[in-house]
Student: 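A single structure is presented below for examination.
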Amino acid sequence: MIGSGTVAPAATRTAPAHWVSAGDVRLLLDCGAGMLHRAAGLGLPWADVTHVAISHFHPDHWGELPMLLFALRWGTLPQRSAPLTVLGPAGFGTRLALLAGAYGDWLLAPDYPLSVVELGPAEEHRLGRGVQLETCKTRHTPESLAYAVRADGARLVYTGDTGPDDALGRWAAGCDLLLAECSLPEDRAIDVHLTPGRAAQLARAAGAGRLVLTHVYPVFGDADPAALAAAAFEGPVVLANDGDRFTLET
């Protein structure tokens with residue numbers, strides 16, 4: 001867990017970013033502000049990233065991507081030569097091209113091989129030997145995707161941002177770990193985000209092995225979202241913090 005927070009600044013939670021290591025794949029799920037310096041502080045080998053998958057286009061989920069591409073060119077010794085694949089929803093390539101108009105042509109030609117891949121709902125993409133990335137549409141923005149990483153018989157599902165969605169629960173069925181957004185308390189529930197109760201309902205529908213809550217707004221105050229979710233989900237529930245690490249046994 002690099003970033004377990006949101007767009008709202010918080011002392012202990014930076015914006016969404018999640019590091020997944022499986023086989024020869026080093027995948028970053030979302031790339032929010034502060035990711036690079038937090039990753040360095042956590043001792044993660046950020047310069048070894050092989051793939052970045054963006055869930056949707058709100059800036060707290062991908063605002064650090066230009067900085068990452070820049071750091072991989074100028075912030076590593078020796079200079080990077082390994083390829084990088086960046087993946088995102090439909091329209092991702094157009095948005096990167098627009099950013100290149102502001103930042104410079106280096107954004108799409110950073111002196112190491114860069115591939116841009118657009119994904120639709122219900123797609124699968126091979127990341128590496130034995131590692132698959134799967135997608136599902138979510139109820140947040142028109143382009144929003146949830147991602148699943150499947151490797152060696154284990155399956156991690158990351159909801160990205162989403163509202164309540166029965167179809168998402170069916171798609172996530174049987175996942176070993178459900179990394180679910182948990183933005184708001186019940187009394188502030190809105191259609192495009194989850195609460196502890198809604199996250200628990202999603203985990204229950206999916207039959208998830210574990211529920212890990214992330215994307216937590218400071219509005220929770222001293223309340224414990226994990227305890228609230230545990231009242232409606234019988235499996236293990238954890239409130240993620242920046243720096244937490246989870247292992248899926250295969």
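Both backbone and side-chain heavy atoms feed into the values below; hydrogens, waters and symmetry mates do not.
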Student: Could you walk me through whether Ile54 and Leu87 pass the side-chain contact (heavy atoms from CB on, under 4.5 Å) test, one step at a time?
Tutor: CA-CA 6 Å; Ile54 302 301; Leu87 309 102; over 6 Å; no

Student: Could you go through the side-chain contact (heavy atoms from CB on, under 4.5 Å) check for Val52 and Leu27 one step at a time?
Tutor: CA-CA 6 Å; Val52 182; Leu27 166 67; 5.9 Å; no

Student: Looking only at the side chains, is there a donor atom on one of His193 and Glu181 sitting less than 3.5 Å from an acceptor on the other?
Tutor: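 Present: a donor and an acceptor within the cut-off.
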
Student: Are more than 12 heavy atoms from other residues, nucleotides or ligands located less than 6.0 Å from atom CD of Gln201?
Tutor: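 Check fails, neighbour count at 12 or below.
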
Student: Please check this pair: side chain of Thr159 against backbone of Ala146, looking for a donor-acceptor N/O pair closer than 3.5 Å.
Tutor: no

Student: If you measure only the distance, is there a donor-acceptor pair under 3.5 Å linking the side chains of Asp242 and Ser4?
Tutor: yes

Student: Within a 6.0 Å radius of atom CG on Asp191, are there more than 12 heavy atoms belonging to other residues, nucleotides or ligands?
Tutor: no

Student: A quick test of your reading: do over 12 heavy atoms of other residues, nucleotides or ligands sit less than 6.0 Å from NE2 of His125?
Tutor: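 Above 12, so yes.
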
Student: Atom CH2 in Trp46, atom CG in Leu68: separation rounded to 0.5 Å?
Tutor: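 Reported value, rounded in 0.5 Å steps: 7.0 Å.
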
Student: Checking Arg155 against Trp171: charged group under 6.0 Å from the ring centre and within 45 degrees of the axis?
Tutor: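 Judged by the rule (NZ or CZ under 6.0 Å from the ring centre, within 45° of its axis), Arg155 counts as positioned above Trp171.
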
Student: Please walk me through it: do Tyr147 and Leu145 pass side-chain contact (heavy atoms from CB on, under 4.5 Å)?
Tutor: CA-CA 6 Å; Tyr147 288 113; Leu145 296 175; 3.9 Å; yes

Student: Do Arg80 and Tyr112 meet the cation-pi criteria used here (NZ or CZ under 6.0 Å from the six-membered ring centre, within 45° of the axis)?
Tutor: yes

Student: For Glu123, does its backbone N or O pair with a side-chain atom of Thr135 as donor and acceptor, under 3.5 Å?
Tutor: yes

Student: Does a donor on one side chain sit under 3.5 Å from an acceptor on the other, for Arg139 and Thr162?
Tutor: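 No.
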
Student: Taking all heavy atoms of Ala17 and all of Cys31, pick out the closest pair and write down the distance.
Tutor: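 Taking every non-hydrogen atom into account, CB-CA, 4.5 Å.
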
Student: Once you round to the nearest 0.5 Å, how far does OG1 of Thr85 lie from CG of Leu114?
Tutor: 8.0 Å

Student: side-chain contact (heavy atoms from CB on, under 4.5 Å) for Val237 and Leu213? Distances and angles first, verdict last.
Tutor: CA-CA 8 Å; Val237 184; Leu213 304 177; 4.2 Å; yes

Student: Show the nearest heavy-atom pair for residues Pro218 and Pro9, with the distance to one decimal.
Tutor: CG-O, 4.3 Å

Student: For Arg38 and Ala11, work out which heavy atoms get closest and say how close.
Tutor: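 Arg38 and Ala11 have their closest heavy atoms at NH2-O, 4.2 Å.
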
Student: Tell me yes or no: between the side chains of His61 and Asp161, is some donor less than 3.5 Å from an acceptor?
Tutor: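 Yes, a side-chain donor-acceptor pair sits under 3.5 Å.
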
Student: Counting only heavy atoms not in Tyr217 (residues, nucleotides, ligands), do more than 12 fall under 6.0 Å from its OH?
Tutor: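 Yes, because the 6.0 Å sphere around OH of Tyr217 holds more than 12 heavy atoms from other groups.
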
Student: Should the pair Trp62 and Phe57 be assigned to parallel (<30°), tilted (30 to 60°) or perpendicular (>60°) ring geometry?
Tutor: tilted

Student: If you compare all heavy atoms of Leu248 against all heavy atoms of Arg210, which two are closest, and at what distance to 0.1 Å?
Tutor: CD2-NH2, 3.4 Å

Student: Answer yes if the ring centres of His215 and His18 are under 6.0 angstrom apart, and no otherwise.
Tutor: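 Aromatic pair excluded; centres sit 6.0 Å or further apart.
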
Student: Ignoring hydrogens and geometry, is there a side-chain-to-backbone donor-acceptor pair from Glu118 to Gly88 under 3.5 Å?
Tutor: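 Not a single qualifying donor-acceptor pair exists.
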
Student: Under 3.5 Å, is there a donor on one side chain and an acceptor on the other for Glu186 and Thr195?
Tutor: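 Thr195 and Glu186 do have a side-chain donor-acceptor pair below 3.5 Å.
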
Student: Give the ring-plane orientation class for Phe70 versus Trp106, where under 30° counts as parallel, over 60° as perpendicular and anything between as tilted.
Tutor: tilted

